[in-house]
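Here the structure comes first, spelled out in structure tokens, and everything after it is commentary.
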Amino acid sequence: MEKFVIKGGQPLKGEVMVAGAKNAALKTVVASVLTDEEVVIENIPLISDLFLMVETAKRLGLSIEIDKKKRALFSKGGSLKTNKIPLEVGARIRTSSMFLSPLLSRFGEAVIPNPGGCRIGCRPIDRHIEGLAKMGAKIYYDPSDGYFHAKAARLHGVDFTFSKNTHTGTETLILAAVKAEGRTVLTNAAQEPEVDDLIKLLNSMGARIDRVEQRKIVIEGVKKLRGTKYKIMADRNEIVTLAIAALASKGEVTIHGGKREYLKAFLAKVREAGGGWEPKGEEITRFFYQKNFRPTEIITGPYPSFMTDWQAPWALLMTQTQGLSTIHETVFESRFLYVFELRKMGAKIDFFDPQVSHPQKFYNFNWVDKKQNCHQGIKIFGPTPLHNAILEVSDLRAGATLVLAGMIAKGESTLFGVEQIDRGYEKIEERLNKLGADIKRIKN
Ligand code: EPU
């Protein structure tokens, strides 16, 4: 167990390189299982979620290693020894459920633990299962052992329409369809850039995948995939975190890496709020504080909308604006746990329930899962100077937000649950310290 001790008050200044995208890197491990040839992935972030995915692939028998110096992942292919993901690995990382697709295609059979809920919501995989079943997989969940058991001699192509957006659900079905018999057409498919990054990787392995319309993807099944070398995209969520760190600390930071095209909804809100940003190169953007932040109204949504992953740091920024800001979270049903921590620091944030005429349709999560005590909206009354506090991290993005909160607060804050942050941000404290922050990692 480790904690951060953060001394607040320093504006961030300088230049920083963004890491490779967590939500692209994790899926490259799953894709590597689809071939018995060598796959090399470059620009990987050195984060614990990726280490767990690699450990899971090793348990399956894949010969796979991370070269930390080269920031590269080497999968040597070869045969696998099991089609079952053990509970002790699966329970530690939800994305391990995505191995279902390549295991089905290699063994015709797969056993994976129920990924279950986590602290941002129930997070079922019913949409993944429904699609795989349409492709011919017989899947049942055995409550007596907690595993999904899936069988399919060979998956076949299908026309499938997702009932609602699902990012990893779309990726799971793409991973299943690449080696299925015939053509698969996925309608209402997710548009997140990380999905397209996976498509590019798979196509470089010989897959035939085409996004024919914004939300329609066509996959022609192929018999075999080959090895490849592929460089993954930059992490959009990290760019947003670093940009907000610059703005909230009243500093200025130039971020190297990442396409602005993927950040349109964020950049528009920064302008609306009176924050500064300017292009400094094709993939270089400078973010800087300008006087007098203005309040904003945010509704999160699937890409290209304002991402759910950005709302927690944005809420922190809004605590520093003059007036009332609102955030309406529509993707996950429980992503406001950080609010209780920000309140400990003096933030004035109230929960509210936005009025929505057809919640079952409107929300991205399954409305039937909705817990009575979860709210979908917050009101932020600013500006409130923040002060130090003892804080607990609930999830990855909440954790990064609390680091930033500690950085702009008066006094010294202590943050427990740092391992949640290490899941998705590589050495966040070292990189922020290089920009002028004062964060110490302490082993308990
Ligand atoms: N959902 C269902 N059933 C399904 C699939 C999804 O009810 O079968 C619900 C989810 O519970 C959620 C909503 O639908 O309420 C959207 O879920 P989606 O499947 O789109 O999200 P995800 O694939 O589980 C990925 C990222 C998240 C990111 C979201 C939104 C990865 C590994 N995770 O999650 O990233 O917030 O898409 O873009 O790619 C993070 O990085 O911290 C993170 C949570």
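Every number for a ligand or one of its atoms is a count from 1 in the order of the listing. Since the model is a prediction, treat every value here as computed from it, not as a measurement.
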Practice item. Please find out if less than 6.0 Å separates the ring center of His328 from that of Phe362. Key: yes
Practice item. Would you tell me whether Arg441 and Asn433 have side-chain atoms, one donor and one acceptor, within less than 3.5 Å of each other? Key: no
Check your understanding: Judged by modelled atom types alone, do Thr308 and Glu329 share a side-chain donor-acceptor pair under 3.5 Å?
Key -> yes
Revision key, fill the gap. For Leu396, the atoms of ligand 1 under 4.0 Å from one of its heavy atoms are 42 (O)
**Study point:** Donor-acceptor pair between Asp197 and Tyr230 side chains, under 3.5 angstrom
**Key:** yes
Check your understanding: Among pairs that include at least one residue of residues 19-28, which meet side chain to side chain donor-acceptor pair (under 3.5 Å), considering only residues two or more places apart or in two chains?
Key -> Lys27-His167, Lys27-Glu171
Revision key, fill the gap. Note: ligand 1 atoms sitting under 4.0 Å from heavy atoms of Met307 are 38 (O)
**Study point:** Phe162 side, atom CZ; Arg215 side, atom CZ - distance, nearest 0.5 Å
**Key:** 9.5 Å
**Study point:** Validation row: Tyr425, Val403 side chains within 4.5 angstrom (heavy atoms)
**Key:** no
**Study point:** Within reach of ligand 1, part of Thr166 (heavy-atom separation under 4.0 Å)
**Key:** both
Check your understanding: Hey, is ligand 1 close enough to Leu26 that some N/O pair sits below 3.5 Å?
Key -> no
Check your understanding: Who's closest to atom 12 (C) of ligand 1 heavy-atom-wise, of Val331, Thr330, Asn364?
Key -> Val331
**Study point:** Any side-chain heavy-atom pair of Trp277 and Arg260 under 4.5 Å
**Key:** yes
Exercise for review: May I ask whether Arg335 has any heavy atom positioned less than 4.0 angstrom from an atom of ligand 1?
Suggested key: yes
Practice item. Would you indicate which of Phe332, Trp367, Trp310 comes nearest to atom 21 (O) of ligand 1 when only heavy atoms are counted? Key: Phe332
Exercise for review: Before signing off on this row, confirm whether Thr168 and ligand 1 have an N or O atom pair separated by under 3.5 Å.
Suggested key: yes
Point to revise | Check: Thr308 N/O within less than 3.5 Å of ligand 1 N/O | key: no
Review point. Among the heavy atoms of Lys27, does any lie under 4.0 Å from an atom of ligand 1?
Key: yes
Review point. Does even one non-hydrogen atom of Gly424 get within less than 4.0 Å of ligand 1?
Key: no
Review point. Which residues pass the side chain to side chain donor-acceptor pair (under 3.5 Å) test with Glu272, sequence neighbours left out?
Key: Lys269
**Study point:** From the candidates Glu171, Gln420, His167, Arg94, the one that places a heavy atom nearest atom 37 (O) of ligand 1
**Key:** His167
Review point. Salt-bridged, Lys379 to Asp350, with N to O below 4.0 Å?
Key: no
Exercise for review: From atom 9 (C) of ligand 1, work out which of Arg127, Lys164, Glu130 has a heavy atom at the shortest distance.
Suggested key: Arg127
Review point. At under 4.0 Å between heavy atoms, which part of Asp126 makes contact with ligand 1: side chain, backbone, both or neither?
Key: both
Point to revise | Heteroatom distance test (Pro124, ligand 1): nitrogen or oxygen, under 3.5 angstrom | key: yes
Review point. N/O to N/O below 3.5 Å, does that happen between Thr95 and ligand 1?
Key: no
